[in-house]
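This report concerns only the one structure given below.
One-based numbering, in listed order, for ligands and for the atoms of each.
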Amino acid sequence: MHRIEELALATFDRPLKDLSDQEVYKVLLDFVQDQTQAQPLNQSKRKLYYISAEFLIGKLLTSNLLNLGCYDEVQAVLEANGQSLHDVEKAEKEPSLGNGGLGRLAACFLDSIASLEINGDGVGLNYHFGLFRQVFKDNQQASRPDAWLDQPTWLKPSTISYPVPFKDFTLKSTLYEIDVPGYQQASKNRLRLFDLDSVDEAIIEGESIHFDKEAIKKNLTLFLYPDDSDQAGELLRIYQQYFMVSNAAQLIIDESLAKGSNLKDLDEYAVVQINDTHPAFIIPEFIRLLTQNHDLSFEEALEAVTKTVAFTNHTILAEALEKWPMAYIEAVIPEIAAIIRQLDQVIQAKFPDQAAVQVIDADDRAHMAHIAIHFSKSVNGVAALHTDILKDSELHDFYLIYPDKFNNKTNGITFRRWLMAANPGLCDLFDDKLSNNWRLDHDFTGLLDYQDDLDTLEQIKQIKESNKEALKEFLYDNQGVTLHENAIIDVQIKRFHEYKRQQMLALYIIHKYLDIKAGNLPTSPITIIFGGKAAPAYIIAQDIIHLILNLSELIAKDPDVSPYLQVIMVENYNVTACEKLVTAADISEQISLASKEASGTGNMKFMLNGALTVCTLDGANVEIANLVGEDNIFIFGKSSQEIVDLYASGDYDAQAYYQRPAIQPLVDFIVGPEMMAIGQADRLERLHQDITTKDWFMALIDLEDFIQCKEEAYLAYQDSRSWYQKTLVNIAKAGYFSSDRTIQQYEEDIWHTRD
Ligand code: 26V
């Protein structure tokens with residue numbers, strides 16, 4: 001009897017063949033956990049700690065089975081018992097521990113760190129209800145708690161617990177752990193998530209995401225990024241961040257002491273990568289612990305910490321660069337406030353004439369990024385263009401002080417999930433055509449030999465079509481939507497933000513709708529799919545979702561247009577939906593305002609799975625374009641330098657663009673009779689007003705160019721042979737974006753855990 005069959009009997013007292021999908025899921029979870037439990041932890045003198053507010057790990061069953069090398073075996077045992085692994089995979093709830101690219105990057109990195117046998121754990125928080133679950137009501141986004149923990153879980157409680165001292169009380173943590181097995185590795189790492197025993201899920205009001213923001217002992221780990229549009233919300237964020245890093249710092253110090261550190265030499269035992277500024281309080285927290293509990297002087301502690309911490313910047317957007325009022329920090333963690341004032345003194349003494357690099361600004365706010373840059377050993381951006389912008393403009397003053405700290409680490413994605421698990425059909429093609437060990441070296445360039453081979457191009461087309469079938473099933477099961485047959489699938493999936501310009505694609509849809517109404521019918525039907533959440537307090541982003549849902553309804557109900565155009569907005573877009581969408585897409589929309597998207601990682605997933613990119617030269621799109629060449633990508637829009645200059649001069653005039661004859665009818669359609677008949681006037685009018693008067697992220701500046709570029713892309717799709725040749729080149733060149741390459745670079749340039 002196979003171990004899985006034994007486990008089924010032992011757990012449910014019934015044979016495997018008689019279990020429900022949910023029960024088989026529980027059996028497989030136990031089966032995997034027995035195996036990872038037995039794996040030894042990676043070992044090295046210096047250990048990496050990757051600290052992040054988010055780990056958007058996705059479902060774990062498939063990727064764990066793949067990494068443990070038993071996917072095929074398990075599939076066979078299930079099949080022999082009349083069970084389907086595909087159905088069992090659906091029974092797993094996706095953990096809701098992340099928001100967007102930064103969180104998904106952390107998850108890809110954990111997989112690559114383990115797969116390269118690097119000794120490194122992820123450290124974060126265990127949010128009971130995660131971000132929020134998105135539902136659509138009246139063509140608007142509503143937010144619900146996402147109860148991802150209410151089923152058998154990968155989390156295992158540990159005996160580790162720490163006291164975390166706040167101003168008026170001390171909270172005790174419990175550490176939970178998820179094993180992270182590497183691909184074909186004997187040893188493992190862990191994702192370590194701190195939680196609070198006193199959290200009380202009952203304080204959530206009804207089905208909403210509202211709760212008493214001041215009840216810290218009950219709310220601290222309820223949600224990721226609770227609403228911070230008021231003071232209580234901002235204070236709660238500080239409580240959360242400090243709880244995360246105080247636990248992390250105590251864990252790191254304990255593990256380093258156990259390996260023989262005297263803590264002055266902390267950097268020989270630990271390297272701490274902080275994922276954006278959310279964990280930046282770990283710098284003063286280390287100083288507090290080392291000086292109060294371990295007898296280091298302030299200067300010794302500062303030196304040890306600066307040699308241990310490395311900082312990754314993920315955005316240049318001003319509103320995402322955290323600046324906390326010192327009064328708030330004093331109200332929550334006064335000892336940390338005092339240390340930040342000491343750090344401020346250090347910088348004032350060193351750079352008295354440089355206001356731009358101070359720790360505390362003239363409004364008495366602590367700049368978390370400035371703390372992270374001064375008191376770390378490395379500062380990296382996440383794509384070549386992004387790092388250049390940091391050096392040349394956003395962080396130029398810091399770059400002049402610390403030129404050697406700055407470095408680039410272009411993001412990547414784990415090919416175990418985004419190729420091997422998500423696209424088995426493409427893997428079969430690789431096995432057929434490539435003679436190298438592509439699963440490990442990620443070199444697919446051998447495919448280029450088949451550019452003119454019609455059979456290969458046909459096979460790529462077949463793979464795409466079967467992935468479209470899988471997407472069709474997914475969309476129907478999830479939200480009862482029927483994907484059109486034979487449509488070109490055009491996808492924009494990412495958080496909703498004005499800089500990502502979903503509103504520009506919505507204006508394109510209006511253009512296409514009017515064009516079809518005028519009798520210009522597309523040769524192939526077009527399906528445009530959006531997916532993504534908007535922060536509950538981000539009103540304009542909610543308005544854009546409302547516009548898209550209205551357009552979807554208008555078009556679906558119009559028999560003149562619906563045979564040619566379909567607009568779908570995926571509800572509660574998450575990692576699972578992403579896996580289905582990137583493998584089925586023909587076109588990948590990467591249309592951010594140049595300079596604003598630090599890297600993007602969805603762009604890499606689409607490229608790897610054979611979608612062609614319609615893009616501005618922003619973030620990692622630049623690197624994609626350089627790899628595939630201009631014949632194999634669709635580029636439009638103003639350059640990053642033009643946009644940076646335009647912000648500097650303040651010369652952008654939304655009204656002037658709005659008044660152009662090709663643009664005005666599209667924008668006015670937002671408040672025209674068709675939309676007003678189905679939508680909410682206040683939302684549509686606010687969005688119209690915003691675009692015509694402010695348009696801070698310049699959707700209108702690139703709109704005409706975008707429309708032309710999309711028409712070219714759709715035309716190119718009509719030439720099937722040439723389209724799949726371009727697809728082939730994209731797939732063949734995607735190896736560069738393996739997160740194994742990224743992690744190898746972090747290891748060689750920053751972490752040095754193997755030295
Ligand atoms: C900032 C804030 C500010 C307040 C509300 C909640 C919140 C949540 C996250 C952030 C940081 C956003 C930074 C971020 O996600 N950056 C993305 O990082 C990806 C991985 O490097 C990169 O591919 C994306 O281009 C970049 O936008």
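Neither the backbone nor the side chain of Leu317 has any atom closer than 4.0 Å to an atom of ligand 1 (non-hydrogen atoms only). Both the backbone and the side chain of Leu102 come within 4.0 Å of ligand 1, counting heavy atoms alone.
If you number the atoms of ligand 1 from 1 as listed, the ones under 4.0 Å from a heavy atom of Gly600 come out as 22 (C), 23 (O), 24 (C), 25 (O). Less than 4.0 angstrom separates some heavy atom of Val382 from each of these atoms of ligand 1: 21 (O). The Ala598 neighbourhood of ligand 1 comprises atoms 25 (O), with distances under 4.0 Å to a heavy atom of that residue. Taking every heavy atom of Arg237 and a limit of under 4.0 angstrom, the matching atoms of ligand 1 come to 4 (C), 5 (C).
The presence of a protein heavy atom under 4.0 Å from atom 12 (C) of ligand 1 is ruled out.
Some N or O of Asn411 is nearer than 3.5 Å to an N or O of ligand 1, by distance alone. Below 3.5 Å of separation, one finds an N or O of Tyr499 facing an N or O of ligand 1. The shortest N or O to N or O distance between Asp276 and ligand 1 is not below 3.5 Å.
Across every non-hydrogen atom of Arg501 and Phe697, the tightest pair is CD-O, 3.4 Å. Val644 approaches Ser595 most closely through the heavy-atom pair CG2-CB, 4.0 Å. When every heavy atom of Pro536 is checked against every heavy atom of Phe132, the shortest pair comes out as CD-CE2, 3.6 Å. The two residues Thr742 and Asn411 come nearest to each other via the heavy atoms OG1-C, 3.4 Å. The minimum heavy-atom distance between Ser96 and Trp148, with the atom names listed, is N-CG, 3.7 Å.
Only one option out of Phe737, Tyr183, Phe444, Tyr736 pairs with Phe415 in a ring pair (Phe, Tyr, Trp, His ring centres under 6.0 Å); it is Phe444.
A tilted orientation is assigned to the rings of Phe706 and Phe636, their planes being inclined by 30° to 60°.
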Evaluation steps, side chain to side chain donor-acceptor pair (under 3.5 Å), between Ser592 and Asp618: CA-CA 7 Å; Ser592 52; Asp618 200 12; 2.7 Å; yes
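Proximity annotation for atom 2 (C) of ligand 1: of Met604, His278, Lys494, Glu234, His278 comes nearest, heavy atoms only. Nearest-residue assignment for atom 3 (C) of ligand 1 (options Gly101, Ala620, Ala320; heavy-atom criterion): Ala320.
In this structure, the side chains of His386 and Asn313 come closer than 4.5 Å at one or more pairs of heavy atoms.
Counting only heavy atoms of the protein, atom 9 (C) of ligand 1 lies nearest to Tyr225 OH, 3.6 Å. The protein heavy atom nearest to atom 24 (C) of ligand 1 is Glu597 OE1, 3.3 Å. Scanning the protein for heavy atoms near atom 26 (C) of ligand 1, the closest one is His314 O, 3.4 Å.
Look at Tyr538 and you'll find every heavy atom at least 4.0 Å from all atoms of ligand 1.
A salt bridge links Lys213 to Asp230: one of the charged nitrogens lies within less than 4.0 Å of a carboxylate oxygen.
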